[in-house]
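Note sheet for the following structure.
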Amino acid sequence: MSKPLLIFDMDGVLVDVTESYRETIARTVAHFAGIEVTREQIQEYKNQGGWNDDWQLSHHIIERAGVEVPFARVKGHFQKLFLGDGSDGMILRERWIALPGVLEKLNERFRFALFTGRPRADAELTLARFAGGLVFDPVVGMYEIANHKPAPDGLLQILHGETGGQAYYIGDTVDDARCARSAKVPFIGIAAPSNPLYLDLVFLFQAESAYAIVDDINYLSEVFAA
Ligand SMILES: [Mg+2]
């Protein structure tokens with residue numbers, strides 16, 4: 001029988017995005033609406049569910065501030081800030097969370113896959129930068145599926161073709177937990193104590209019947225220690 005499968009979300013799980021994606025949301029909102037949005041406010045939206053897409057979320061916050069601007073312009077500005085010209089984008093502020101050897105060790109017992117709300121190309125840029133020789137197969141991004149999280153499509157697509165081996169989904173938002181629940185995949189929640197709404201997030205994961213909740217992926221092996 002093949003090794004069980006760990007399906008990772010990327011942002012907030014493999015990669016710390018507080019200085020990349022969340023900073024890009026704040027700067028995009030400031031650019032169009034001239035207001036400051038705090039990390040706590042961003043986390044409140046994430047906890048509400050339905051705001052997995054940072055382009056949509058930026059656009060929504062700008063509109064709520066009373067500024068009408070087409071979605072495509074918001075997305076364009078966001079991507080320009082995020083990707084930059086290759087030497088100055090916010091993507092370069094990402095931090096790989098796994099300590100050296102942690103994922104390599106897990107990979108002896110588990111296969112890895114990735115299901116992210118990012119475009120797959122953006123996810124692969126980050127994997128190429130940080131993941132060393134680790135294989136994530138498949139990588140499913142936002143354009144590979146019809147319905148986004150919390151819909152189960154991405155997980156179901158990954159599990160299709162699996163032959164009954166155990167799989168787990170590891171995510172950092174309530175949408176990830178709901179996605180796992182609808183796909184009937186045990187969910188491992190990442191709740192970083194540095195998160196501005198840490199306890200709320202833990203309770204949300206518990207309410208979604210999380211299989212386990214850990215501070216970050218460096219503690220994953222403890223979940224499977226028994
Ligand atoms: Mg995430």
Side-chain angles (χ1 to χ4, degrees), residues 6-26 39-58 60 78 82 90-91 93-98 103 112-127 129-131 136 138-145 147-155 157-158 167-183 185-198 200-202 204-205 208 210-220:
L6 294 183
I7 306 165
F8 292 87
D9 172 43
M10 177 165 259
D11 300 311
V13 174
L14 290 169
V15 181
D16 181 344
V17 294
T18 49
E19 292 306 317
S20 57
Y21 271 109
R22 298 210 176 179
E23 177 66 16
T24 307
I25 294 171
R39 298 310 161 91
E40 183 165 339
Q41 287 166 329
I42 294 171
Q43 187 61 42
E44 274 168 15
Y45 280 108
K46 296 289 179 181
N47 282 4
Q48 274 175 30
W51 296 109
N52 194 55
D53 183 326
D54 290 340
W55 301 332
Q56 304 271 11
L57 177 55
S58 304
H60 174 75
F78 186 108
F82 186 69
M90 291 289 157
I91 191 171
R93 298 187 177 196
E94 292 175 346
R95 190 176 62 82
W96 190 247
I97 293 170
L103 289 177
F112 295 165
L114 186 75
F115 172 37
T116 173
R118 289 189 191 200
R120 184 164 67 187
D122 291 4
E124 283 177 343
L125 273 179
T126 293
L127 287 178
R129 217 171 131 217
F130 294 114
F136 293 78
V139 173
V140 173
M142 68 188 296
Y143 299 123
E144 280 72 54
I145 50 167
N147 302 295
H148 298 137
K149 300 174 196 176
D153 298 33
L155 292 181
Q157 186 174 319
I158 290 170
Y168 301 85
Y169 188 42
I170 304 152
D172 69 310
T173 64
V174 69
D175 282 333
D176 295 327
R178 288 174 183 155
C179 166
R181 202 160 73 147
S182 2
V185 173
F187 176 71
I188 301 172
I190 302 290
S194 61
N195 188 305
L197 295 172
Y198 168 74
D200 296 25
L201 189 58
V202 168
L204 283 167
F205 287 161
E208 297 296 331
Y211 176 82
I213 301 170
V214 294
D215 290 357
D216 72 51
I217 50 168
N218 293 301
Y219 297 94
L220 269 183

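Remember, it's 1-based here, ligands and their atoms both numbered in the order they're listed.
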Review point. Is any side-chain heavy atom of I188 less than 4.5 Å from a side-chain heavy atom of Y169?
Key: no
**Study point:** Straight-line distance of D176 CG to I7 CD1, nearest 0.5 Å
**Key:** 11.5 Å
**Study point:** Flag if over 12 foreign heavy atoms under 6.0 Å of OH, Y198
**Key:** yes
Review point. Hey, is D16 close enough to R95 for a salt bridge, meaning N to O under 4.0 Å?
Key: yes
Check your understanding: Around the Mg ion (ligand 1), how many protein N, O or S atoms are there at under 2.8 Å?
Key -> 3
Check your understanding: Is there side-chain contact between F78 and Y21, with heavy atoms separated by less than 4.5 Å?
Key -> yes
Check your understanding: Stepwise, does the salt bridge (Lys or Arg N to Asp or Glu O under 4.0 Å) test hold for D54 with K46?
Key -> CA-CA 10 Å; D54 290 340; K46 296 289 179 181; 2.6 Å; yes
